[in-house]
Amino acid sequence: MLDCIFCKIVNKEIPNYTVYEDDFVLAFLDIFPHAQGHTVVIPKKHYDNFLSLTNDEAKLLITGVQNAMQKIQTTLNPDGFNVGWNENPAGGQVVPHLHVHIFPRYQGDGGSSVHSIIKNSGNKTPKEVFELFK
Ligand code: 5GP
Ligand code: ZN
């Protein structure tokens, strides 16, 4: 996609520090890291978000994420990870090209868990929400 910064990285118009690459994904170090080895994994083709992928493409992306994590584990030996993505602006997405964040975690690094992203359960109980799925 024209003017997409991550498409430009795939096309090598902008340099990157590649951690892992295969036919479907490119994984590279985030330029403003929130953790040592903070990596983003992107599909080489432009997709706005995860829900735009087919099931088969989603499998290829998740396989790429696992392989990148494996590479980070071997290289940096973190004690854990947080892995996820910001889906759409409401979810905090800034770069409009789907990317999965890998945050390597280290004992005593001062970070928190995914539960710290939001604490606003809305006005329905889990039972009331469940009723909507029926
Ligand atoms: P988002 O908030 O969209 O989930 O995250 C976008 C991420 O992309 C941010 O963590 C930001 O630091 C990273 N980023 C933005 N521009 C570049 C760039 O040109 N190169 C790299 N390596 N990372 C970038
Ligand atoms: Zn793009």
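Please read all numbers here as calculations on a predicted model, not as lab measurements. Values below: all heavy atoms of this structure, side chains included; hydrogens, waters and symmetry mates excluded. Counting convention: from 1, in listed order, for ligands and their atoms alike.
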Ligand 1 atoms nearer than 4.0 angstrom to some heavy atom of Ile9 are 20 (N)
Give the single entry among Leu29, Asn16, Ile42 that approaches atom 22 (N) of ligand 1 most closely by any heavy atom.
Leu29
Can you tell which part of His99 has a heavy atom less than 4.0 Å from ligand 1: side chain, backbone, both or neither?
side chain
Region of Phe28 that comes within reach of ligand 1 [heavy atoms, distance under 4.0 Å]:
side chain
Heavy-atom side-chain proximity of Lys44 to Phe24 below 4.5 angstrom:
no
Taking 4.0 angstrom as the limit and counting only heavy atoms of Gly92, give me the atoms of ligand 1 inside it, by number and element.
2 (O)
Restricting to heavy atoms, the pick from Thr18, Leu98, Asp30, Ile31 nearest atom 17 (C) of ligand 1 would be Ile31
For the student: nearest non-hydrogen atoms of His101 and Val40, plus distance:
ND1-CG1, 3.7 Å
Near Asn86, which atoms of ligand 1 are under 4.0 Å from a heavy atom of that residue?
1 (P), 2 (O), 4 (O)
What atoms of ligand 1 come closer than 4.0 angstrom to any heavy atom of Gln93?
3 (O)
Measure from the Zn ion (ligand 2) to every N/O/S atom of His97 and report the name of the nearest one.
ND1
Give the ring-plane orientation class for His38 versus Phe103, where under 30° counts as parallel, over 60° as perpendicular and anything between as tilted.
tilted
Under 4.0 Å from ligand 1, counting heavy atoms only, is it the side chain of Ile5, its backbone, both or neither?
side chain
Centroid-centroid under 6.0 Å between Phe28 and Phe6 rings
yes
Flag the pair His97 / Tyr47 as yes when their ring centroid distance falls below 6.0 Å, and as no otherwise.
no
Contact (N/O only, under 3.5 Å) between His101 and ligand 1:
yes
Hey, does Val95 come in under 3.5 Å of ligand 1, counting only N/O atoms on both sides?
yes
Below 4.0 angstrom, N of the basic side chain to O of the carboxylate: do Lys8 and Asp3 qualify?
yes
May I ask you to identify the nearest protein heavy atom to atom 8 (O) of ligand 1, giving residue, atom name and distance to one decimal place in Å?
Phe6 CZ, 3.4 Å
Report, as yes or no, whether the 6.0 Å neighbourhood of atom CD on Glu87 holds more than 12 heavy atoms from other residues, nucleotides or ligands.
yes
